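Proteins get letters first, then strands, A, B, ... in listed order; numbering begins at 1 in each. Quick caveat, the model's predicted, so the values are computed rather than measured.
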Number of protein chains: 2
Amino acid sequence: MKIPSSSIPRISRYYRVLLSLKDPVVSSQELADLTGSGAAQIRKDLAYFGQFGRPGKGYGTEALKQELKKILGIDRNWAVALVGIGNLGSALLAYKGFKDQGFNIKYAFDNDRKKIGRSRQGIKIRDIKNIPSVIKASGIEMAVIAVPQSSAQDVVDMLVASGIKAILNFAPAVLKVSDGVELLNIDLSIEMEKLTYFLQRNKA
Amino acid sequence: MKIPSSSIPRISRYYRVLLSLKDPVVSSQELADLTGSGAAQIRKDLAYFGQFGRPGKGYGTEALKQELKKILGIDRNWAVALVGIGNLGSALLAYKGFKDQGFNIKYAFDNDRKKIGRSRQGIKIRDIKNIPSVIKASGIEMAVIAVPQSSAQDVVDMLVASGIKAILNFAPAVLKVSDGVELLNIDLSIEMEKLTYFLQRNKA
DNA sequence: TAGATTGTTAATCGATTAACAATC
DNA sequence: TAGATTGTTAATCGATTAACAATC
């Protein structure tokens with residue numbers, strides 16, 4: 001069955017809400033109130049992956065939580081490589097929430113001679129040139145990149161050639177990856193421009 | 001006419017590509033090759049806002065660039081308030097790209113006594129308690145928030161009550177705002193979980 | 001004039017919502 | 001049994017893509 005890609009971030013949100021839910025049982029309507037999605041939407045999203053509820057009753061909170069973890073693939077830890085230790089990269093390296101959620105930044109890379117060899121947050125900063133050898137040997141599949149636009153495609157190519165299968169990119173660039181590799185972009189400018197579009201439109 | 005909201009980030013991408021385009025004229029097909037959107041999609045997106053091209057010729061690069069700036073509301077500067085000067089907030093404050101694109105972080109707020117009164121990047125850090133007076137007096141309409149989840153809703157409420165109309169939120173929380181206020185969320189966990197979903201699915 | 005490419009209408013596709021029989 | 005709520009099918013809605021007349 002084809003699962004709409006928009007369903008995945010919604011499932012993440014259902015999971016977030018379940019984390020702070022006290023009741024042992026929850027209905028799609030309650031989840032709807034808490035997440036802002038519709039109740040039918042929630043039942044549909046869950047139905048893509050199985051039958052987790054009991055008609056007339058609802059969903060067992062704890063059981064559903066575990067199911068959603070499995071669906072999202074967060075029922076385990078993930079090692080992550082971080083490339084680009086500038087302002088944003090450093091902030092990501094220091095971000096506690098990462099480790100809490102099972103993401104372990106295991107390797108950090110930069111091309112700045114002044115940074116290479118130093119440690120931040122207990123992680124040694126390595127030369128970008130060593131990406132192929134280090135990543136291949138590690139078997140890591142996830143990477144986060146926070147490098148300037150100008151080097152983003154080169155870094156992505158290196159990562160993909162080294163076996164990385166999923167990339168979160170903060171560089172404001174249109175990047176190409178081969179099939180079978182997932183690339184997600186978080187582009188600050190684009191988000192800001194959604195806001196200015198909104199503001200501008202409501203003036204005119 | 002109803003404009004699909006997904007069209008706006010695409011227009012941002014068209015604009016990005018135009019910035020580094022040398023040719024004086026560009027066709028929807030060329031733009032498609034450069035952005036990864038379809039040519040028909042591009043013509044449709046542009047058509048929502050007017051007739052910018054010449055049949056048989058294409059679009060004038062410079063003229064189109066100016067039109068897209070107007071559409072996105074980036075043909076002017078915007079003052080921005082930043083709330084939460086932790087790791088991420090500091091990185092955002094230091095981010096040069098912001099000012100380059102016409103976003104001026106004019107005020108910074110935090111609730112940490114050790115930070116309040118100090119300056120970062122030439123911006124004085126103020127007490128969160130002063131949001132109402134400072135924002136009301138300034139007339140600022142945009143805010144970026146990088147506070148912990150636990151205080152995010154309170155901060156949003158304060159900002160909205162002070163006249164803020166557009167918010168970019170980095171806190172991993174489901175936040176409520178009144179009608180007429182635009183709230184965008186950048187949730188790192190959700191993005192990471194899109195990646196783990198992908199990785200997990202391709203194993204099973 | 002012939003070739004190219006827009007702007008727009010119509011067709012397709014996919015996702016969301018509504019409705020309800022099945023079931024606890 | 002009566003009431004509640006799921007899982008699923010059908011209906012609706014909206015967005016993308018294809019096709020093509022108009023026009024440079």
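- Between B/Tyr107 and B/Phe109, the ring planes lie tilted relative to each other; the angle falls in the 30° to 60° range.
- Closest of all the heavy-atom pairs between B/Asn169 and B/Leu183 is CB-CD1, 3.9 Å.
- Side-chain atoms of B/Asn87 and A/Tyr95 form no donor-acceptor pair, as typed in the model, at a separation below 3.5 Å.
- If A/Arg10 and B/Gly50 are placed on DNA chain C by their nearest nucleotide, the residue sitting closer to the 5' end is B/Gly50.
- For the residue pair B/Leu175 and B/Ala152, the shortest heavy atom distance occurs at CD2-CB, 3.8 Å.
- Partner assigned to C/dC24 is D/dG3, using Watson-Crick or G-U wobble distances below 3.5 angstrom.
- Heavy atoms only, all atoms of each residue included: A/Arg16 and A/Gln101 are closest at NH2-NE2, 4.3 Å.
- Contacts with DNA chain C (heavy atom under 4.0 Å) in residues 24-44 of chain B: B/Ser27, B/Ser28, B/Arg43, B/Lys44, listed by number.
- Heavy atoms only, all atoms of each residue included: A/Val25 and A/Thr61 are closest at N-OG1, 3.5 Å.
- Both distances falling under 3.5 Å, in either a Watson-Crick or a G-U wobble arrangement, place D/dA15 opposite C/dT12.
- When DNA chain C is scanned in the 5' to 3' direction for atoms under 4.0 Å from non-hydrogen atoms of chain B, the outermost contacting nucleotides are C/dA4 to C/dT9.
- Across all strands, A/Ser7 comes closer than 4.0 Å to no nucleic acid atom at all (heavy-atom distances).
- A residue-by-residue look at A/Gly56 and B/Ser6 shows that A/Gly56 has its nearest nucleotide of DNA chain D further toward the 5' end.
- Closest heavy-atom contact between A/Val147 and A/Val83: CG1-O, 3.5 Å.
- Residues forming a salt bridge (charged side-chain N to carboxylate O under 4.0 Å, His left out) with A/Lys65 (at least two apart in sequence, or on another chain): A/Glu62.
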